Amino acid sequence: MSYTSFSQIRADLSSGKTSVSGLVKEYLSAIDSNRELNAFLEVYPDEAVALAAEVDLKLAAGTAGRLAGMVIGLKDNICFAGHGVGASSKILGGFNSLFSATAVERLVAEDAIIIGRLNCDEFAMGSSNENSAFGPVLNPIDTSRVPGGSSGGSAAAVAARLCHAALGSDTGGSIRQPASFTGTVGLKPTYGRISRHGLIAYGSSFDQIGPITHSVEDAALLLEIMAGPDEFDSTAIQNPPEHYSALEPTTKPVRIAYLAECLESEGLDPEIRDFCNRQIEQLRSLGHTVEPVEFKELKYLVPTYYVLTTAEASSNLSRFDGMRYGYRSAEGKGVEGTIVKSRSEGFGKEVKRRIMLGTFVLSAGYYDAYYSKGQKMRRIIKEKTAGYLSSYDFIYTPTTPGVAFPLGKKSGDPIKMYLEDIFTVQANITGMPAISLPMGTNSEGLPFGIQLMANLNEDAKLLAFSRYLTEQVK
Ligand code: GLN
C-alpha cells in the first residue's frame, strides 16, 4: 500500500477502488509478514475486521465519520478501554485500560480503526526503543539499526506501512526523533493542545500526545480531531482548536532563526549539516529571511531536561507498587517487602536509573542544587526562546545530530544516548510546538529530518509552513 495521505484513501474509498475491509486486511497481512520488526505488542485482528465492515456500511449510507478508512496504531502508553496497556514494562503486565484516552475517544468517534498497540521504550524513557521489556524494534529502512525512541514502534509501523498513522507521545523528542530516523512526519503540538487524559505519565509538565504520519496534511487532520479542551485534563488548552486540516501551504515570506550553535556543534553529522546549510540558502533565495541567532544555553538543555523529567517521573511512577496495577512479585514478605520486590523486578534498568536520579534531585539535601536550579534554567530557556519567536516565525534545526544508529551502539552509554535529545528537548522545556519533517536520505540511504519550532499556540502557522516546505520546496 503506497498511500502517503489520507485524502488519497478517501478518494479511493469513494470511487470504490478500495474498501475499509480491504485496507484492514492488507494492513493485517503486512503486520504478519513484518513480525521481525517487533513493532506491535498486540494486534486486534477480529475487532478491526468487524469494525471495518461496519465502517464500510456507514460509508455507503453516508453516515461515516471524518476518519473512516484511517487505520491507526497506538503507542503502548496510551489507554484504549478494554485493551491491554503497559508502557512496554513488565510492571504493568496483564493490566487492561479501564477507559480510553480522550485523544483515542475522539479518533474512534470519527470512525478511525485502532489496529493494535505499539512497542516503545519502557515508560517512554529512551531514544532507541532498546529499553522495552519486550525487546527492541528494528528500523524497517535498515533492520540492523534502531528506529529511534521512545515511540519507535509507532514510527516503524508507519514507515513499514503496517498502519496508516500512529500515535506517539513526546516528552523530549519521542515523536520527532523516531520520525526523523524513519522518514516520517512527527508532530509535537503545543503543550496542552491535546489532552493527556489516558496517557501514562512520564514527565507531566513535558508530555504531549501527537501523530506520526506520512504527510503534514494527515498530521494536521489528526491534530484537529484530537485537540481541544477536556474536563479530565486541567492543563488542556481551553480555546477550541483551529481548522488545521483546512490550512493551505504558506504563501508569504517568513522569518526563520537557526541556532548557530546547533549547526556548528561537533557532534552533528556532516551530511546533515551540509543539507541544512544548502536548505537555508535555498530558503533565502525563495525570499525568506533566515538568520543565525546565538543560543549559548544549548549545553544546558539536556541537563535541564533530565533533572526535571526524572524528578517528575520519580513521583509519577511511585503509583506502581505491585498492589494496584499489573505485576506483583511472589517473593516479597509483607506490604513493604512486596512493594520493594515488585518494583525491583518489575522496572527495567533505565527506569530505575531515572527514578533514583529523580528521587535524588528532589531530596531535601540536593533540592536547591538540582531541582530548583533546573526550574530556574527552564525559565531562562523559555524566555530566551520566546524572545526569538517574537521576532522570528520559526526556529530551524536538524531534528537529530545523526541518522539511525546500529542496535547496541549507544545502549551501554546513557550520556551518549541522552545527547540524542539535544535539539528536541527545547520544545518540551518551553511547551512550544515542533515538528520533524522528512528531508530525504543520506549517502547510505538513511533518512533524516529537520525540525521547525514555533511559538506557543502557533500550531497552525507551523503546519502551514511545514506543508509549504514538504510540498513546494524540493
Ligand atoms: N529520549 C528522551 C528520553 O529518553 C525523550 C523521551 C520522550 O520524549 N518520551 O527521555
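Index from 1, following the sequence. For ligands, and for the atoms within them, numbers begin at 1 and follow the listed sequence. What you see is a predicted model; the values in this text were computed from it and never measured.
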Which atoms from ligand 1 have a heavy atom of S150 less than 4.0 Å away?
-> 9 (N)

Report the part of D421 in contact with ligand 1, treating N, CA, C, O as backbone and CB onward as side chain, heavy atoms under 4.0 Å; options are side chain, backbone, both, neither.
-> side chain

Among all protein heavy atoms, pick the one closest to atom 5 (C) of ligand 1 and tell me residue, atom and distance.
-> Y305 OH, 3.3 Å

Could you list the atoms of ligand 1 found under 4.0 angstrom from a heavy atom of G172?
-> 5 (C), 7 (C), 8 (O)

N or O contact, Y306 vs ligand 1, cut-off under 3.5 Å = yes

Measure R354 to ligand 1 on non-hydrogen atoms and call it side chain, backbone, both or neither using the 4.0 Å cut-off.
-> side chain

Y202 to ligand 1: N or O pair under 3.5 Å?
-> yes

Atom indices of ligand 1 within 4.0 angstrom of A124 heavy atoms, with elements | 6 (C), 7 (C), 9 (N)

Tell me, do F448 and F181 make a side-chain contact under 4.5 Å, heavy atoms counted?
-> no

Are any of the side-chain nitrogens in K373 or D368 under 4.0 Å away from the carboxylate oxygens of its partner?
-> no

Note: ligand 1 atoms sitting under 4.0 Å from heavy atoms of D170 are 8 (O)

Are R354 and E350 close enough for a salt bridge, meaning some N to O gap below 4.0 Å?
-> yes

Ignoring hydrogens and angles, state whether a donor on the side chain of N428 or T171 is under 3.5 Å from an acceptor on the partner side chain.
-> no

Ligand 1 N/O within reach of G149 N/O, cut-off under 3.5 Å | no

How about R378 and Q375: do any of their side-chain heavy atoms sit closer than 4.5 Å?
-> yes

Looking at ligand 1, does F206 have a heavy atom less than 4.0 Å from it?
-> no

Is there a side-chain contact between S174 and K75, using heavy atoms and a 4.5 Å cut-off?
-> yes

Hey, does Y418 sit under 4.0 Å from ligand 1 if you only count heavy atoms?
-> no

In this structure, atom 1 (N) of ligand 1 is nearest to the protein heavy atom S127 OG, 2.7 Å

Are the side chains of H83 and S97 in touch, meaning some heavy atoms are under 4.5 Å apart?
-> no

What part of S174, side chain, backbone, both or neither, has a heavy atom within less than 4.0 angstrom of ligand 1?
-> both

Residues D142 and R145 bridged, charged N to O under 4.0 Å = yes

Close N or O approach (M125, ligand 1; < 3.5 Å) | no

With side chains defined as the heavy atoms from C-beta onward, is the minimum distance between Q177 and S436 less than 4.5 Å?
-> no

At what distance, to the nearest 0.5 angstrom, does OG1 of T184 lie from CD1 of I212?
-> 5.5 Å

